[in-house]
Amino acid sequence: MKKIHFEKHRCKGCGLCVIFCPQKNLRMSEDLNDQGLSYPEEIDPACCNACGLCFRMCPDTAIEIHPEGVKNSKK
Amino acid sequence: MQTLKRTEVLKDALTHYCPGCGHGIIHRLVAEVIEELGIREITIGTAPVGCAVLLYDYFNCDIIECSHGRPPAVATGIKRIHPDKIVFTYQGDGDLAAIGTAETIHAANRGENITVIFVNNAIYGMTGGQMAPTTLTGMVSTTSRDGRGQHGEGPPLKVCELLSSLDGVYYLERTAVSTPKDVNSTKRAIKKAFQNQIDGKGFSLVEVLSMCPTDWKVSTAKAVDFVNNDMKEVFPLGVYKDKS
Ligand SMILES: Cc1ncc(C[n+]2csc(CCOP(=O)(O)OP(=O)(O)O)c2C)c(N)n1
Ligand code: SF4
Ligand SMILES: [Mg+2]
């Protein structure tokens, strides 16, 4: 179940979330967002325990944590 | 566990800050505190000159833009005319500790009942990386090419230590935003600084050590290391004054 939603258009690609994910579950994408920047993606959604450290370190409020699972409308 | 997302106290706007800049984290913490204390509609912020100059574009509360270094003076006026409002300043190190030193020290000494958020990134960010009063000894900036201290610049100014001698000051704490633990501690300190004002206690200041990867000319990872290893050594974290 996916618990993190990335507002990828908000992301500036700083990578603070990747540095601080305690599960080492994030990496920067190959794909680029509208600003032409890499954004974070999960390596294995099953590893995420919704601890929220990525949310806390994100300077751009580009991350949402939904412990009960991200709704389908938010892919 | 709770759902975590952007608080309504922040507008939906994309900020102009550089990737990895600490200002965005500190904005979110201030906004979350304003939301949790339920004071959005009575809060008035005073914005600095510096990278945070566009504060009013990002916060869903009243914000007034001040001349460089003058937020504590403007906040004094607002708070005295509207004692029922919650008034905060948000200032960089150039704003608060260089051009605005007099305003800072006198507002603190008068014990004005305001909340000061002081973002110490050891550099003039907005203008392209000139030496700030808080630039570390040996640190290279565009105006200390050989490293601070080689040409009589003196050592970095320690604002919390300096203000702690003033009787008017109620609360001083230095925190950082370079680890998740530091981010949480910063939020607690900011909340306390706002609560003190609500309780009528007087001058509260939180100094936050923050990353400026662009003007330090390093990666995000190196910027975090610089705060954690170098800045924290010169600017030890902790509570410098708490009259409660
Ligand atoms: C009266 C005046 N003097 C100088 C400036 C140029 N100036 C703009 S921002 C700034 C310093 C900003 O540094 P800081 O307060 O540390 O904020 P940061 O950008 O690092 O967040 C200076 C000197 C100005 N705008 N007005
Ligand atoms: S110059 Fe520094 S302080 Fe200013 S937005 Fe960029 S990283 Fe932030
Ligand atoms: Mg600065």
Legend entry - Residues B:E32 and B:K187 bridged, charged N to O under 4.0 Å: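 Yes, B:E32 and B:K187 are salt-bridged.
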
Would you tell me whether [X] and [Y] have side-chain atoms, one donor and one acceptor, within less than 3.5 Å of each other?
{"X": "A:T61", "Y": "B:K5", "answer": "no"}
{"X": "B:E233", "Y": "B:N229", "answer": "no"}
{"X": "B:T115", "Y": "B:Q197", "answer": "yes"}

Legend entry - Parallel, tilted or perpendicular: ring planes of B:H27 versus B:Y17, cut at 30 and 60 degrees: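 Perpendicular, since the angle between the ring planes exceeds 60°.
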
Report which part of [X] has an atom under 4.5 Å of a heavy atom belonging to chain B: side chain, backbone, both, or neither.
{"X": "A:C58", "answer": "backbone"}
{"X": "A:I63", "answer": "backbone"}
{"X": "A:F55", "answer": "both"}

Region of [X] that comes under 4.5 Å of a non-hydrogen atom in chain A:
{"X": "B:V224", "value": "side chain"}
{"X": "B:S178", "value": "backbone"}
{"X": "B:L29", "value": "neither"}
{"X": "B:A31", "value": "neither"}
{"X": "B:R28", "value": "side chain"}
{"X": "B:D182", "value": "neither"}

Legend entry - Residue that, paired with A:E42, satisfies salt bridge (charged side-chain N to carboxylate O under 4.0 Å, His left out) out of A:K2, A:K3, A:R27: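 Going through A:K2, A:K3, A:R27 one by one, the salt bridge (charged side-chain N to carboxylate O under 4.0 Å, His left out) with A:E42 is satisfied by A:K2 alone.
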
Legend entry - Distance, nearest 0.5 Å, that separates CD1 of B:I117 from OH of B:Y90: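 The OH atom of B:Y90 is 8.5 Å from CD1 of B:I117, to the nearest 0.5 Å.
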
Legend entry - salt bridge (charged side-chain N to carboxylate O under 4.0 Å, His left out) between A:D44 and A:K24, intermediate numbers included: CA-CA 10 Å; A:D44 176 8; A:K24 300 280 166 250; over 6 Å; no

Inset, instruction - For each of B:I25, B:I26, B:L10, tally heavy-atom pairs with chain A at distances under 4.5 Å, and name the one with the top tally. - result: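 Ranked by heavy-atom pairs under 4.5 Å with chain A, first place is B:I25.
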
Legend entry - Most chain A-contacting option - heavy-atom pairs closer than 4.5 Å, from B:P213, B:G22, B:A221, B:P19: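 Maximum pair count with chain A is reached by B:P19.
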
